[in-house]
Amino acid sequence: MENEIGNNFLRRIIRNDVESGEVTKVVTRFPPEPNGYLHIGHAKSIHVNFELAQEFSGVCHLRFDDTNPEKECQEYIDSIQEDVRWLGYEWHGEIRYASNYFEQLYEWACDLVDQGLAYVCDLSPEESREYRGTLTRPGVDSPYRNRSSSENRDLLERMRQGEFDEGSRVLRAKISMASPNINLRDPVLYRIRKHEHHQTGTSWVIYPSYDFAHGQEDAIEGITHSICTLEFEDHRPLYDWFLDHLPISNRPRQFEFGRLNTSYTITSKRKLGQLIEKNIVSGWDDPRMPTIAGMRRRGFTPNAIRKFCEMIGTTRSDGVVDVAMLEHAIRDDLNENAPRAMAVLRPIKLVLENLPETYCEEFQAPCHPNRPELGTRKISFSRELYIDEDDFREEANKKYKRLVIGKRVRLRNAYIVQANRVERDADGNISIVYADLIPDTLGSDPADGVKAKGVIHWVCAKTASRASVRLYDRLFNHPSPDKGDLNFLDFINEESIGILEEAMVEASLTQATPEQAFQFEREGYFVADRYDYSADNLVFNRVIGLRDTWQKIEEGV
RNA sequence: UGGGGUGUCGCCAAGUGGCAAGGCACCGGGUUUUGAUCCCGGCAUUCGCAGGUUCGAAUCCUGCCACCCCAGCCA
């Protein structure tokens, strides 16, 4: 297994711990705050935590770090659980909540107070900021720093009783205002928030801070390896400080890895929220969103997302992963697993004039060219077909391998045809191409030896169904839309969605199920929309196009 | 100018003193009833830079440079 997915520093650390007997049962956790939808960056974290636990026969918890009721709600709790499950992971035991431990956390706070290691501070938020100092200047002790334990205890209890206003007091650890690590300058442990909590209702008006909660939550749950992202590295001394000074026997240890950044993508919850507010996208699950829900609706598979996470590795360096890698992951999965079908996105009619009006034939076409075990599906063929307007030109150079007047082309899974002439509509656009079917070319080359240059897809006009096809593309046209001073809103790709209402698809596609993915041959991978697809309202989303070297050639000319 | 990190091909990433894996992207060629897939080949004399130690350094030492994170009663 380790050869399969390579090596990384976390795996090495855990392996050492297990081999040395330091750790007997590996326990990790994925600890999201329920204040938004999960995105591709979370997927990496989920993957890291669950896979590591699995690899070492351990377990992984799902814990909601719900210490800030103002930003959290049940909708997010529900969506997060759904997304984790959809990705294919099952957490160990019940869902955990930081709020399950509020009483214990409070007791520990009292403990610190009794030890003279925490105090109630009456500084306002503004004053507090001034006393904290700056990156280069040490902080100054709060005038309330030396209150007696009993006074602190009294004040803390009254904070809990709701006697004081929000912002008027906090409980702080007494560490050092001169620490070069700003997180150690008497950090806040509890703040007053008279806000209903989605889990605990109105039973609390004071809430623990992240720093005071996280390590202790880990200890309570017996977490052995607490894995988080790099920005928490400066908090580790504090994480350890609480464990050192509280009556806790478990020793979880924190390790940090580099957050995922992907080109042409933003993952800031605030900014993603703005896209929704400004109606640039339809919601958290818009198929262009980098959220798990969005990617799911777009047609990504859990398998592809997991593969992607393996591909990018886990390190302590922070870089930007090319979104092309993500695109590769989904193409790779769908190429292997998606059944093929034919769909004409921009139809023009092809009439085979040498066939009788009533001509009708049926073929069995393989569902997958490289996997015969996936079976076949029935496709029908008649005098009138639809082909894509891009697949016909009245004249073209020899690089163009599709249908041209006087030339031949193979109809995928069917006969070779030769174009004769066109008919135009009132606007002068080609509306019908007339052609002849070359007899006896089903599964073999023409008797006259004149082969077809290329292959195009088609659908039978008699049996095809109209479908709505949504062509999605990258949401941004800049590789780092929110880097530095850039405003991501300036780089919205206006062509990130294109809706084709008149696509024509082969009859078998009326039998799809929502979220089923197909390769529309020569076009790309498409998925039946999770919500809007039904047998009488065919709606497909383009997940990703096929690799297109022809387009490169054309653009290069 | 304080503290904590990171620097290996365009991107991700192995490598942990013995002579630069792999993937993505890209470029050639072959197969092909998808201009797809697949297959074959190419793609870092060099590891941020400069010194030093060593028979030997991406790996050890010294100095420098660049970039990221931290001054929420957010997580």
Side-chain angles (χ1 to χ4, degrees), chain A residues 6-8 12 31-33 35 65 67-68 70-71 121 123-125 128-130 132-139 166-172 179-185 187-193 207 209-211 213-214 228-237 256 258-259 263 269 310-329 331-332 335-336 340 342 365 368-370 399-402 409-416 441-445 452-457 479 519-524 545-554:
Chain A
N7 235 327
N8 66 53
R12 206 147 34 221
E33 183 188 17
N35 68 344
D65 214 355
T67 55
N68 185 359
E70 290 177 328
K71 296 186 172 178
C121 179
L123 253 24
S124 70
S128 197
R129 195 187 323 126
E130 280 162 29
R132 186 158 37 235
T134 69
L135 295 178
T136 51
R137 195 181 71 237
E166 283 190 15
S168 64
R169 285 175 224 261
V170 291
L171 181 72
R172 302 175 70 177
S179 173
N181 180 346
I182 292 182
N183 298 118
L184 262 22
R185 318 243 258 232
V188 169
L189 272 40
Y190 269 94
R191 56 324 192 174
I192 301 169
R193 285 284 175 280
Y207 292 95
S209 63
Y210 165 85
D211 286 311
H214 207 93
C228 61
T229 42
L230 249 23
E231 68 270 24
F232 291 100
E233 192 159 19
D234 290 341
H235 294 247
R236 195 171 58 216
E256 311 85 15
R259 226 193 170 88
S263 62
K269 283 177 190 168
E310 278 170 30
M311 237 191 298
I312 60 176
T314 311
T315 69
R316 289 174 60 83
S317 65
D318 54 0
V320 181
V321 172
D322 193 336
V323 73
M325 268 208 234
L326 221 206
E327 295 174 345
H328 168 79
R331 277 198 192 102
D332 202 39
N335 173 54
E336 183 70 17
R340 313 285 121 131
M342 292 197 283
H368 193 119
N370 310 324
K399 278 188 173 175
Y400 186 80
K401 302 200 293 185
R402 309 175 189 184
V409 79
R410 160 78 65 185
L411 295 178
R412 177 72 167 156
N413 295 312
Y415 298 93
I416 288 173
T441 52
L442 191 59
S444 57
D445 287 330
K453 280 189 259 188
V455 181
I456 65 173
H457 59 284
Q519 184 198 97
F520 288 175
E521 287 189 291
R522 301 209 315 125
E523 290 287 356
L546 251 27
R547 242 184 98 230
D548 193 350
T549 49
W550 166 243
Q551 192 185 35
K552 278 183 198 166
I553 292 167
E554 279 218 305

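Chain identifiers are assigned alphabetically (A, B, ...) following the order of the sequence lines, protein sequences preceding nucleic acid strands; residue numbering begins at 1 within each chain. Everything quoted here is computed from the prediction, not taken from an experiment.
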At 4.0 Å (heavy atoms only), tell me whether A:Val170 reaches a base, stays on the sugar-phosphate, or touches nothing. base

- [ ] Please confirm whether any donor atom in the side chain of A:Arg410 sits under 3.5 Å from an acceptor in the base of B:U32, or the reverse.
- [x] no

Original post:
Do A:Arg547 and B:U37 share a donor-acceptor pair, side chain to base, under 3.5 Å?
Top reply: no

| query | How would you label the contact of A:Arg331 with the nucleic acid (heavy atoms, under 4.0 Å): base, sugar-phosphate, or nothing? | reply | nothing

Rounded to whole Å, CG of A:Leu411 lies from C1' of B:U34 at a distance of 13 Å

If you look at every strand shown and take non-hydrogen atoms under 4.0 Å, does A:Leu189 touch a base, only sugar-phosphate, or nothing? nothing

Heavy atoms under 4.0 Å, any strand shown: does A:Gly443 hit a base, just sugar-phosphate, or nothing?
base

Of B:A75, B:G2, B:U37, the nucleotide closest to the side chain of A:Asn370 is B:U37

| Side-chain (A:Arg410) to main-chain (A:Thr441) donor-acceptor, under 3.5 angstrom | yes

ask   = Got a donor-acceptor contact below 3.5 angstrom from the A:Asp234 side chain to the A:Asn181 backbone?
value = no

A:Arg132 has its side chain closest, among B:A14, B:A71, B:U1, to B:A71

- Query: Any donor-acceptor pair under 3.5 Å between the side chain of A:Asp234 and the base of B:G3?
  - Reply: yes

Closest of B:U34, B:C12, B:G35 to the A:Gln519 side chain is B:U34

Next on the checklist: Using OP1 and OP2 only, check whether a side-chain N or O of A:Arg129 sits under 4.0 Å from B:C73.
Outcome noted: no

Query - Presence of donor-acceptor pair under 3.5 Å, side chain of A:Glu336 and base of B:U37 - result: no

Mind checking A:Pro32 for me? I need base, sugar-phosphate or nothing, with any heavy atom below 4.0 Å counting as a touch. nothing

Check your understanding: Contact class for A:Ser317 vs. all strands (heavy atom < 4.0 Å): base, sugar-phosphate, or nothing?
Key -> sugar-phosphate

Of the listed B:U34, B:A75, B:G7, the closest approach to the A:Asp65 side chain comes from B:A75

| field | Exam field: side chain A:Arg331 to backbone A:Gly545, donor-acceptor pair closer than 3.5 Å | value | yes

Regarding the side chain of A:His328, the nearest nucleotide among B:A75, B:C24, B:G5 is B:C24

Closest to the side chain of A:Met325, out of B:C11, B:G15, B:G72, is B:C11

Across the strands shown, which category fits A:Phe520 at heavy-atom distances under 4.0 angstrom: base, sugar-phosphate, nothing? nothing

- Query: Looking only at side-chain N and O atoms, does A:His457 come under 4.0 Å of OP1 or OP2 in B:U34?
  - Reply: no

- Sugar-phosphate only, base, or nothing, as touched by A:Ser263 at under 4.0 Å among non-hydrogen atoms: nothing

Review point. Hey, is the side chain of A:Arg137 pairing donor to acceptor with the base of B:G2 inside 3.5 Å?
Key: no

(Q) Classify A:Gly319 by what it touches in the nucleic acid, base, sugar-phosphate, or nothing, heavy-atom distance under 4.0 Å. (A) sugar-phosphate

The nucleotide from B:A13, B:C74, B:C73 with an atom nearest the side chain of A:Glu33 is B:C74

Picking from B:G5, B:U34, B:G35, the nucleotide nearest the side-chain atoms of A:Trp550 would be B:G35

Result for 5'-nearest mapping on RNA chain B, choosing between A:Pro180 and A:Val320, is A:Pro180

- If you measure from the Lys or Arg side-chain nitrogens to the Asp or Glu carboxylate oxygens, is any gap between A:Glu70 and A:Arg193 under 4.0 Å? yes

Closest of B:G5, B:U34, B:U37 to the A:Glu233 side chain is B:G5

Quiz item: Angle class for the A:Tyr210/A:His235 ring planes (parallel below 30°, perpendicular above 60°, tilted otherwise)?
Solution: perpendicular

Ranking A:Arg12 and A:Lys71 by the position along RNA chain B of their nearest nucleotide, the one closer to 5' is A:Arg12

Base, sugar-phosphate, or nothing for A:Asn413, non-hydrogen atoms under 4.0 angstrom? base

Applying the 3.5 Å cut-off to both distances, the Watson-Crick or G-U partner of B:A66 turns out to be B:U6

